[in-house]
Amino acid sequence: MSIAQTIRPHLPYLRRFARSLTGAQETGDAYVATLLESLVSTPSDFPTEVPPRVALYHLFLRVWNSVRLATPNADDVQATVAVAQRRINSISSLPRQAFLLVAVEGFTAAEAATILEVGEKDIESLLDVAGQEIAHQVATNVLIIEDELLIAMDLETIVTSLGHSVQDVATTKSEALAAVKRQKPGLILADVKLADGSSGLDAVKEIVAEGDVPIIFITAYPEKVLTGARPEPTFLISKPFQRETVMAIISQALFFDTKAHLRPAAA
């Protein structure tokens, strides 16, 4: 199979990544075109020892980090780029690359490490930096619905390390509903099976009936959530989870969900 045939299925996603990374369609497409021109002239540069999509993104970021193309006028970009994109642009370069690779493009930490030529532990650190920079913009209060103490503690640590606050930890449906009545959360992390046999899914259904809030399900039973019925989640993490995955998805949920209810900035 030729290189053109190998990379063709991945090019639409690479263009999406390039546009998000650069903050402008024209510039992102120009970087992709530069990569393709390079591959035409030196096809031997395309790595064959890793999956083609990993190889393609790896080569693209080599171009991005080594070539500076002309960019549109900053005022023009500001006028046309969405709020989420402007937030992406404010994240430091390497953490931004790691965040987009994991949270948006769906690469594993190991694949992202290969693409960026860093270690897996470095990816965790980069996501941590990205998460903190994101939290500086969209810091919010988080409700954790989880009946396993150690898992709840792990989630609390992740949430607070990103600069968010944990408003409550609920172990049952009734506790979750009571917590929401006391204070509306900006984000909910919810398990499905709870301590008293109640359902986190049922709790979330009642919560979202009263108003929109970003939900991340963290469960060992994803099949119970992916049913096609509301509130089928945009964000779902399977147990056992990796810390960097939770960090990336929390940041993604708050970054791209315009219905996130953010807490007022401290006076």
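Please read all numbers here as calculations on a predicted model, not as lab measurements. The residues of the chain are indexed from 1 along the displayed sequence.
Across all non-hydrogen atoms, the minimal contact from Ala152 to Val169 is CB-CG1, 4.0 Å. Scanning all heavy atoms of the two residues, the minimum distance from Leu177 to Ala203 falls at CD2-O, 3.9 Å. Contact detail for Asp168 and Leu143: the closest heavy-atom pair is O-CD1, 3.6 Å. Considering all non-hydrogen atoms of both residues, Val246 and Ile237 come closest at CA-CD1, 3.8 Å. When every heavy atom of Ala248 is checked against every heavy atom of Phe99, the shortest pair comes out as O-CE1, 3.8 Å. When every heavy atom of Pro95 is checked against every heavy atom of Leu126, the shortest pair comes out as CB-O, 3.5 Å.
Sorted by first then second residue, the side-chain hydrogen bond (donor to acceptor under 3.5 Å, both in side chains) pairs that include residues 33-48, not counting sequence neighbours, are Thr42-Asp45. Residues in residues 115-130 take part in these side-chain hydrogen bond (donor to acceptor under 3.5 Å, both in side chains) pairs, two or more places apart or across chains: His58-Glu117, Arg62-Glu117, Glu124-Arg243, Asp128-Gln132. Screening residues 5-15 for side-chain hydrogen bond (donor to acceptor under 3.5 Å, both in side chains) gives Ser2-Gln5 as the qualifying pairs, with residues at least two apart or on separate chains. The ring-ring contact (aromatic ring centres under 6.0 Å, His included) pairs that include a residue from residues 134-154 number zero, where partners must be two or more places apart or lie in different chains.
Atom CD1 of Ile158 sits about 9.0 Å away from atom OG1 of Thr245, to the nearest 0.5 Å. Here Thr140 contributes atom OG1 and Ile250 contributes atom CD1; the two are 11.0 Å apart, rounded to the nearest 0.5 Å. Atom-to-atom distance recorded for Leu194:CG and Asp147:CG is 5.5 Å, nearest 0.5 angstrom. Ile249 CD1 to Leu236 CG: the interatomic distance, rounded to the nearest 0.5 Å, is 9.5 Å. Distance check: Glu156 CD to Ile144 CD1 gives 5.0 Å after rounding to the nearest 0.5 Å. If you take OG1 on Thr171 and CG on Asp196, they are separated by 7.0 Å, rounding to the nearest 0.5 Å.
Contact annotation: the side chain of Leu21 approaches that of Leu61 to within less than 4.5 Å [non-hydrogen atoms, C-beta and beyond]. Considering only heavy atoms from C-beta on, Leu59 comes within 4.5 Å of Pro47 through its side chain. Looking at Leu36 and Ile7, their side chains come closer than 4.5 Å, going by heavy atoms from C-beta outward. Contact annotation: the side chain of Val180 never approaches that of Glu206 to less than 4.5 Å [non-hydrogen atoms, C-beta and beyond]. Residues Leu189 and Glu146 form no side-chain contact, since every pair of their non-hydrogen atoms from C-beta on lies 4.5 Å or further apart. The side-chain heavy atoms of Phe17 and Leu101, taken from C-beta on, include a pair separated by under 4.5 Å. Side-chain atoms of Gln97 and Asn65, non-hydrogen and from C-beta on, do get closer than 4.5 Å to each other.
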Worked verdict on Lys239 versus Ile151 for side-chain contact (heavy atoms from CB on, under 4.5 Å): CA-CA 10 Å; Lys239 294 179 179 177; Ile151 293 177; 3.7 Å; yes

The test is side-chain contact (heavy atoms from CB on, under 4.5 Å); show your working for Leu155 and Phe241 and say whether it passes. CA-CA 10 Å; Leu155 292 175; Phe241 55 76; 3.8 Å; yes

Starting from the C-alpha separation in whole Å, work towards a yes-or-no answer on side-chain contact (heavy atoms from CB on, under 4.5 Å) for Glu244 and Val102. CA-CA 9 Å; Glu244 63 270 13; Val102 175; 5.8 Å; no

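Applying the side-chain hydrogen bond (donor to acceptor under 3.5 Å, both in side chains) rule to Ser199 yields no partners; only residues at least two apart in sequence or on another chain are considered.
In this structure, Leu149 belongs to a hydrophobic cluster whose other members, linked by side-chain heavy atoms under 4.5 Å apart, are Leu150, Met153.
Put simply, Phe46 and Tyr31 are part of the same group of oily side chains (I, L, V, M, F, W, Y) that touch within less than 4.5 Å, one to the next. Each of Val129 and Leu116 belongs to its own hydrophobic cluster when Ile, Leu, Val, Met, Phe, Trp and Tyr are linked at side-chain heavy-atom distances under 4.5 angstrom.
Within the 3.5 Å criterion, the main-chain N or O of Lys173 finds a donor-acceptor partner in the side chain of Ser198. No donor-acceptor pair closer than 3.5 Å links the side chain of Glu111 to the backbone N or O of Phe107.
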